[in-house]
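Heads up, the thing below is written out as structure tokens.
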Amino acid sequence: MTPFFFGESKNQLYGVLHPMQGTAKKPASVLLCNAFGQEYMRSHRALRQLAVMLSKQGYDVLRFDYRGTGDSALELDEVDAQDWKDDITIAIDELKDISAVQSVHVIGLRLGGLLAAAACAEREDIESLNFWDAIGSGDQYINELRDELSDKYAVNDNGVLNSNYQEDSGVIHFNGFALNNQNQKKLNEMNIANIDLSAINKIRHIISHKSDESQALIQAMNACENFESYFIEAPHDWNYIDKYGGILLPQPIIQGIVNSLK
Amino acid sequence: MKERVIRVGRPAPLIGVVCEPEKINSNRPAVLIFNSGVMHHIGSCRLSVSLARSFADKGVLSVRFDFSGIGDSSSRRGVESFSETAPLEAAEVMDYLQKKRGIKQFILYGLCSGADAAYETALVDKRVVAYSQIDAYCYKTPKFYYHFYRPKFFELKRWINFCWRMVKKILPEKIMSDKSADEEANQYLEAVSYIREFPPQSEVSSGLKSLVERGLFFNIIFTKGENSYSYPQQYRDSFSDIDFGQNLDLHYFNTAAHIMTHPSHQALVVKTITQWLVDVINKIEKIHK
């Protein structure tokens with residue numbers, strides 16, 4: 001496993017390469033695209049485990065942090081979804097370069113799925129695009145967050161100040177992370193149903209629990225010949241946060257994704 | 001400010017990020033930023049990154065890194081507990097900085113299990129000259145109960161909840177049993193692997209006395225989230241037999257969550273710790289002159 005910084009020096013991105021293990025190298029490598037906010041924190045170990053398992057199958061795997069998140073440059077109030085989409089493009093090029101392959105599989109978790117779709121639509125080197133509990137559209141995601149917001153000055157039963165609220169300026173604070181107005185605007189412009197993904201060989205949609213949103217995405221994508229949907233039951237709430245910052249490790253899903261890339 | 005990846009130790013290296021100020025002064029202490037529970041080295045709500053960048057702005061180098069088996073660092077073989085391995089692994093990072101950068105003194109920062117690791121490391125490593133902890137070991141005093149229960153006493157909702165709990169105890173389990181959706185949803189939740197057990201108060205008191213005798217500086221912040229701290233001076237009262245003198249900088253953020261989810265608390269933590277760090281480094285530099 002090799003952690004490193006890549007990209008422009010002012011906007012450097014933190015990445016971790018899991019080089020293929022064994023002797024039979026796969027012809028394409030794998031890029032993992034993170035979720036956002038507390039979902040990113042909670043899924044870090046799951047994505048690391050997924051990367052390790054895929055590397056044992058012969059894939060070079062890269063996971064990385066978008067600008068303003070994780071160890072990458074900048075702060076959240078300085079970036080938006082367009083930057084994150086561009087970061088995926090930079091990461092794909094970096095991965096192709098270091099692993100000397102012509103094409104990549106891209107796996108996007110939650111918001112990472114939506115961003116990956118936007119980035120991959122503009123390329124011809126995507127072997128497969130894999131949505132993991134993907135967010136279908138930016139406005140759906142923002143509405144999902146808005147449903148959980150409450151009064152800025154509310155305190156819970158233990159006397160702890162509420163951290164899920166919207167500022168008068170429009171900035172949304174959710175579980176310790178902020179979405180600025182520009183970011184919300186850029187996210188609102190993204191909708192998988194409106195993105196032309198026909199150049200991609202295979203699109204997989206892996207769902208851990210059925211919801212109206214996941215069904216809507218299936219309906220929108222069903223017309224595509226290259227689209228397949230899998231349901232692997234592993235119910236959990238991505239937006240939940242416990243007192244200590246516990247993490248999620250949905251093994252059935254991780255194994256399911258690994259199996260689908262065999 | 002520059003950030004670089006470091007890999008420390010073999011065969012399973014500890015992975016971290018060095019955050020360097022524009023100008024490095026090897027006579028100045030560096031800061032080691034520890035994991036909080038199972039969260040990787042960026043820290044709860046990216047707090048470790050914010051702290052590191054704020055320290056660099058003030059000319060202080062820091063390393064945020066993952067202990068073995070957490071975040072980007074692989075597990076190492078062995079049967080030792082986290083309390084035993086954390087000081088050893090912290091020492092590896094200090095050795096690295098001492099060898100590569102000539103830095104000889106260190107300041108530690110940790111939240112929750114990271115706070116415990118800071119205390120344990122300071123006890124055994126004399127290169128540690130100060131530490132900052134969020135929700136450190138602390139014990140309940142008689143005043144704790146007064147401050148904790150007094151505001152609750154007059155809340156109707158509390159009494160309703162209390163009565164409901166009593167009813168639940170009386171009614172047969174079958175009627176009350178409701179395998180909640182939460183329970184089902186949490187089957188994929190990996191709980192914090194570090195079981196936080198406070199050592200006996202006398203043991204911590206004795207440890208702190210030895211640190212005070214060494215002249216360590218302490219910045220201790222408590223939150224509301226842990227429910228075991230209820231008034232600003234509880235830490236001093238909890239260790240009333242220790243004379244911290246001017247070396248203890250104590251804060252109680254009485255509406256903050258344990259993992260600092262509110263943006264105003266995040267900003268306050270960064271400001272408070274950075275200011276304390278600058279003051280402590282000034283004091284240390286004066287002592288050396």
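Numbers restart at 1 for each chain; the letters A, B, ... are given by sequence-line order, proteins then strands.
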Nearest non-hydrogen partners of A:M41 and B:G43, listed with the distance: CE-O, 3.4 Å
Cut-off 4.5 Å, heavy atoms of chain B, and the answer for A:Q12 is side chain
Using heavy-atom distances under 4.5 Å, tell me whether A:S43 contacts chain B through its side chain, its backbone, both, or neither. neither
Would you find more than 12 non-hydrogen atoms of other residues, nucleotides or ligands less than 6.0 Å from B:Y146 atom OH? no
Who wins among A:T69, A:I253, A:N164 for the most heavy-atom pairs under 4.5 Å with chain B? A:T69
Between CD1 of B:I259 and CG of A:N175, what distance do you get to the nearest 0.5 Å? 7.5 Å
Side chain / backbone / both / neither for B:S73 at chain A, heavy atoms under 4.5 Å: backbone
So which of A:S9, A:S208, A:A73, A:A178 has the biggest tally of heavy-atom pairs under 4.5 Å with chain B? A:A73
Interatomic spacing from NE2 in B:H265 to OG in A:S163 - rounded to 0.5 Å: 9.5 Å
Working note: A:Q38 + B:C45, criterion side-chain contact (heavy atoms from CB on, under 4.5 Å); need CA distance, chi angles, decisive distance, verdict. CA-CA 7 Å; A:Q38 207 56 238; B:C45 305; 3.9 Å; yes
Under a 3.5 Å distance rule, please check whether B:R46 uses its side chain to pair with a backbone N or O of A:F177 as donor and acceptor. no
Work out which heavy atom in A:N162 is nearest to a heavy atom in B:H262; give both atom names and the distance. O-CD2, 3.0 Å
What residue, out of B:A257, B:G71, B:S44, has the most heavy-atom pairs lying under 4.5 Å from chain A? B:G71
Note: vs chain A, highest number of non-hydrogen pairs under 4.5 angstrom among B:K2, B:R4, B:H41, B:M1 is B:H41
Euclidean distance, A:L161 CG relative to B:F253 CZ, rounded to 0.5 Å: 13.0 Å
Which region of B:E3, side chain (C-beta onward) or backbone (N, CA, C, O), has a non-hydrogen atom less than 4.5 Å from a non-hydrogen atom of chain A, or is it both or neither? both
Crowding at CZ, A:F231 (>12 non-hydrogen neighbours, <6.0 Å): yes
Does a side-chain N-to-carboxylate-O contact under 4.0 Å join A:R48 and B:D66? no
Given salt bridge (charged side-chain N to carboxylate O under 4.0 Å, His left out), test A:R63 with B:D72 step by step and report yes or no. CA-CA 11 Å; A:R63 55 191 172 87; B:D72 290 334; 2.8 Å; yes
Side chain to side chain, A:Y14 and B:I42, heavy atoms closer than 4.5 Å: no
Side-chain heavy atoms of B:I15 within contact of A:M1, under 4.5 Å: yes
Ignoring hydrogens, what is the shortest heavy-atom contact between A:Y165 and B:P263? Give both atom names and the distance. OH-CG, 3.2 Å
Sort B:S74 into side chain, backbone, both or neither according to what part of it lies under 4.5 angstrom from a heavy atom of chain A. both
Interface residue of largest heavy-atom contact number with chain B, from A:D71, A:D157, A:V160, under 4.5 Å: A:D71
Can you label the angle between the A:Y40 ring and the B:H40 ring as parallel, tilted or perpendicular, going by 30° and 60°? perpendicular
Could you tell me which portion of A:F174 (side chain, backbone, both or neither) has an atom closer than 4.5 angstrom to a non-hydrogen atom of chain B? neither
